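Order of listing sets the numbers, starting from 1, for every ligand and every atom in it. Just so you know, these numbers come straight off a predicted model, no measurement behind them.
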Amino acid sequence: MRKKYLNILKEKCTRGSFEKLINLKNPKVEEFVASYTQHCNPDSVFIRSDSKDDAEYIRNRAIQLGEEKKLRISGHTVHFDGLHDQARDKAKTCYLLPEGETIGSDIKSIERGKGLREIHKILKSSMKGRQMYVCFFCLGPIKSPFSILAIQLTDSSYVAHSEHILIRDGYKQFKNMQNQEEFFRFVHSAGVLENNVSKDIDKRRIYIDLDENIVYTVNTQYAGNTIGLKKLAMRLAIKKASVEGWLTEHMFTMGVHGPNKRVTYFSGSFPSACGKTSTCMLEGETVVGDDIAYLRKIDGKIRAVNVERGIFGIIKDVNSKGDPSIYQALITPGEVIFSNVLVTDENQPYWIGKDGEVPIKGINYSGQWHIDKTDDSNVEITPSHKNARYTIRLSTLKNVDSHFNNPDGVEIKGIIYGGRDSDTSVPVEQSFDWVHGILTKGATIESETTSATLGEEGVRKFNLMANLDFLSIPLGKYIMNNVKFAEGVKSPPVIFSVNYFLKDKQGNYISGMKDKHVWLKWMELRINGDAGAIKTPTGYVPVYEDLKKLFKRVLHKDYSFEDYVNEFTLRVPENLAKIERIVKIYKTKVPDAPDILFKALTEQEKRLKDVQAKHGEYISPEKFL
Ligand code: SPV
Ligand code: MN
C-alpha cells in the first residue's frame, strides 16, 4: 500500500516536495496526502515546509494566477470572492453523523455515508488543471500543552497564503511528532473558477466529519468557509475539548491594564461583527487573540491561548479614530490581504468607513463599480462588501501582548459575554458567580444578525456563548462542560455581560463607540476589588461615582447621572420577555437542556417579578442601593 502511495506522490510532487513529505516519516500523513492527490487529481502537488522560500512561493503564485492582485503599498494584496460567496454559508455547513444521530435541532447534519459519497463525488478531479498545496500548521502556541497539529490541502493560493498569515507553522512539529498522534485534516477545493471566483456555488459544501477529524469544503473561496484552520478546526476542537475536559471558545483574549502596572487577562465571546475585535484592540490594552481561545485548567487555574497568530477581521469602519492600531497596520508596508474591498484607480483599497473621501468608481467584488451601482434586484452595491475583511499577522501590531506566544497561555481572571441587543441588557453587569454567569449570561446570549453570515440582517437570534454557529456537541452537554469547567478552581474567573448596542426609543445608540473602554476598565477594577457595585436581580452593576471617574480618566469625558440612569435602568418587561424566549428555545429545541439552567432562569424571573411589584417596570439602579 505504502508503495502505491509513494508512487502517486512521486509522480505529482513538484521538485523538492517529495523529500519534504518523506522526511516527516509519517505514513498517516503520506496516506492522507496521496489519497486526496489521487482523488482530487491536481496537476501537481507542492509541500510547504516552514521555510521562508516556501511561503514566498505561495505568495507569488497567488499573484501569478490572479487570485490576489498587488496594491500600491508594498506587500499589500487584494482578493475577491464571488458576488454570492461573501460570508459563511450556514445552510451548506453540515456535520456527517451516523444514521439517526443529531447534535441539535438547528445544527445541520446528514447521514455520514451519504455525505461522504456526495462530497467525494463533488471533489472528484476538482483540482484538475491546478496545483494542490499541502500545508502544516500548529493550532495554539508551538510546543504547548494546548497545541493541536493540522494539515490543509487546498488548490487555492489565497487560502494557503491566508492561513500562513493566520496560523502558526507546523511542519517542524509534524517532524517531531509520534506516528500515532492524531491531527486535524482539511481538504479544500475552490472548484471550477470563472474570472477567478468559484462558479458552482450551488454545489458549495462544507462537510465536517467528526469521526475522522476531517473537514471537506468545496466550490467556495470566502475564508470563513475555506480556511480550515479557523472556524472549521474550531468545530473539531470543540468536540475534542469536550471529550478531553477543556474548552474551545469563540473568544478574544486580552490584557487589561489596571493601576500600578497590573495586567488582568480576560477572554470574551461575542457573535460575529458585535465589537469583539474592537474590544481587544482598545488603545492602551494588549491583545493575545481576537477570535478563538482554547482554555484549560492548569494547576487549579484557568489559562487561555490564542489558537491563531493573525486576524481575519471585518474592515468596515476601521479608521484612524476608532481602531488606530489596526488602521496603522493597514496603511503600512507589510503582508496584508484585503478581501472584497474596493480598489481605486490609484490602486489603493477603500472600504466603508475608511478615513478620507468615498471614491466614485473602482473595482470591487461586483466587477467595475461606480457610485450608486445597484444589483439585479435594485439594491445598492456598496463600494466594499459589509463583510469585507483584512488578514494580518498580530505581530505587526504594536499592542500585541508579551504572552501572545507563551506556551502556557495567560491566566484568565474575567470572562465577558456580549451581543447585539437593542433593548434589554445594561451596558455592563457582573454575574453573581461562575454558574450564574454561564447560565444567565453565556447560555442566554441573543444577538441581532449581521453581514458575517448569509441571510437577513437585524433579526434577533439565540446564540449561546456566541458559539452556536460552531458547536459540534449537543447544547446541553456544552453548557454543562462550561458549568463544570470551574470545578476545582479556587477563584474562578468573574463573568460579565456587556451590551454596546442599547438604543433609545428613536433608535439611536445610547452609548458612545468608545464607552466600551470604560466598561472594560470597570471590570478590571471589580475583579481586583477596586470598585463597588449595586446588586440587582440580574447581577451587579457599577455605581455612578466609579463610572464618572473612569469616564474622566479613560475618555476625558463628563458622564452625567442622567446618562447613567438611562443606561443602567433595569428594563423588567424586556428581561422577562427574554427569559420567556430563552426558556422556550431550551424547552422546545434542546432535549438535553440541563435542569440547573431552568432553575437559574426561574429564579431570575422571580427576582425580576418581585422588584417589579415593588418598583415598577423600569427601575433606576439607585433603587437597589
Ligand atoms: C466570524 O464570522 O466570527 C469570523 C470570521 O471570525 S469567519 O472566519 O468567517 O468565521
Ligand atoms: Mn469569529
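- A salt bridge does not link Lys199 with Asp85: every distance from a Lys NZ or Arg NE/NH1/NH2 to an Asp or Glu carboxylate oxygen is 4.0 Å or more.
- Ring to ring, Phe174 and Phe136 are close: their centroids are under 6.0 angstrom apart.
- Counting only heavy atoms of the protein, atom 4 (C) of ligand 1 lies nearest to Lys231 NZ, 3.0 Å.
- When distances to the Mn ion (ligand 2) are checked against a cut-off of 2.8 Å, Ile292 contributes no N, O or S atom below that limit.
- Tested against Glu249, the residues Ile292, Asn482, Asp291, Ile415 include a single side-chain contact (heavy atoms from CB on, under 4.5 Å) partner, Asn482.
- Put simply, part of Arg389 is less than 4.0 Å from ligand 1, judged by heavy atoms.
- Annotation for ligand 1: atoms under 4.0 Å from non-hydrogen atoms of Tyr222 are 9 (O).
- Near His250, the atoms of ligand 1 lying under 4.0 angstrom from a non-hydrogen atom of the residue are 3 (O).
- Note that the NZ atom of Lys231 and the CD1 atom of Ile227 stand 11.0 Å from one another [nearest 0.5 Å].
- Nearest non-hydrogen protein atom to atom 1 (C) of ligand 1 is Ser272 OG, 3.0 Å.
- The contact set between ligand 1 and Asp291, taken as ligand atoms under 4.0 Å from a residue heavy atom, comprises 6 (O).
- For the residue pair Arg420 / Tyr500, no side-chain donor-acceptor distance below 3.5 Å is found, with atom types taken as modelled.
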